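Each remark here refers to the structure printed beneath this line.
Note that the structure is a prediction, hence the values are computed from the model and not measured.
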Amino acid sequence: MDFMEIARARQSCRAYDPDRPVDEALIRSCLEAGRLAPSACNAQPYHVTVAQGPAARQVAEAVHSMGMNKFAREVPVFLVLSETAYNPTAAVGARLKAQDYRSVDMGIAAAYITAQAAALGLGSCILGWFDEKKLASALGLTQRIRLVISLGYPRQGDPLRPKKRKELSELATWL
């Protein structure tokens, strides 16, 4: 697939095949795409924790609450993105320019990871709704957790939903 095909096909998967494990090579390929993502001053101020098996069940419990993320119990793999320190150059730039490069960098990495997942035939969903304390305790993480990405094969027959997006004219101004 070319990139526009991936962009059109990628969606937030909410119906996973719980009986179909994801091969480690595919997970590594997604992680490699994230590793190659642009990052301010090449700082890559994040760490990815891969949760499978019993650890994935614990993540599912931490991301499912108040009616949100009901599909999480079917997800075979979760990628948990937590903050790490900036490198010195990015730290100075973030302070001087009052920019949150860390969040931007994690968002870009998440986009690369999920695009690669789509290219490999995997479903993904970027989750921001979770119980951070429960998640940190379950995985033994001490750094701030920012995103969780679900990863797995979409359930057979899971349809591609029409994309609801703003028109380009609402998002861009040409000068």
Nearest heavy-atom pair of [X] and [Y]: which atoms, and what distance?
X    : Y    : value
A55  : L139 : CB-CD2, 4.3 Å
L127 : F71  : CD2-CZ, 3.8 Å
S39  : Q44  : OG-N, 2.8 Å
H64  : K70  : CD2-CA, 3.3 Å
A72  : V63  : CB-CG2, 3.5 Å
G152 : V22  : CA-CG2, 3.6 Å

As an exercise, state the distance from [atom1] of [X] to [atom2] of [Y], rounded to the nearest 0.5 Å.
X    : Y    : atom1 : atom2 : result
L135 : E61  : CG    : CD    : 11.5 Å
F130 : R146 : CZ    : CZ    : 8.5 Å
L31  : L26  : CG    : CG    : 11.0 Å
S124 : L79  : OG    : CG    : 9.0 Å
Q11  : L160 : CD    : CG    : 5.0 Å
K134 : Q58  : NZ    : CD    : 10.0 Å

Whether [X] side chain and [Y] backbone form a donor-acceptor pair below 3.5 Å:
X    : Y    : result
R161 : S12  : yes
K163 : R10  : yes
R102 : T84  : yes
D105 : Y46  : no
E83  : R144 : no
D17  : Q156 : no
Q143 : S82  : no

Please check if [X] and [Y] belong to a single hydrophobic cluster, counting links between Ile, Leu, Val, Met, Phe, Trp and Tyr side chain heavy atoms closer than 4.5 Å.
X    : Y    : value
L120 : V50  : yes
I27  : F78  : no
M106 : Y86  : no
L151 : Y153 : yes
L141 : V148 : yes

Margin query: Is the shortest side-chain heavy-atom distance between P76 and P21 below 4.5 Å?
Written below: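 They are not in contact (no side-chain heavy atoms under 4.5 Å apart), so the answer is no.
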Next item on the list: List the steps and the verdict of side-chain contact (heavy atoms from CB on, under 4.5 Å) for L122 and C30.
Entry: CA-CA 10 Å; L122 297 172; C30 292; 4.3 Å; yes
Next item on the list: May I have the step-by-step check of side-chain contact (heavy atoms from CB on, under 4.5 Å) for R155 and C13, ending in yes or no?
Entry: CA-CA 9 Å; R155 189 180 302 145; C13 182; over 6 Å; no
Next item on the list: For atom CD of E167, decide whether the heavy atoms of other residues, nucleotides or ligands shown that lie under 6.0 angstrom number more than 12.
Entry: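 No, not enclosed.
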Check: Counting only heavy atoms not in E5, do more than 12 sit closer than 6.0 Å to its CD atom?
Finding: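 Counting other residues, nucleotides and ligands, CD of E5 exceeds 12 neighbours.
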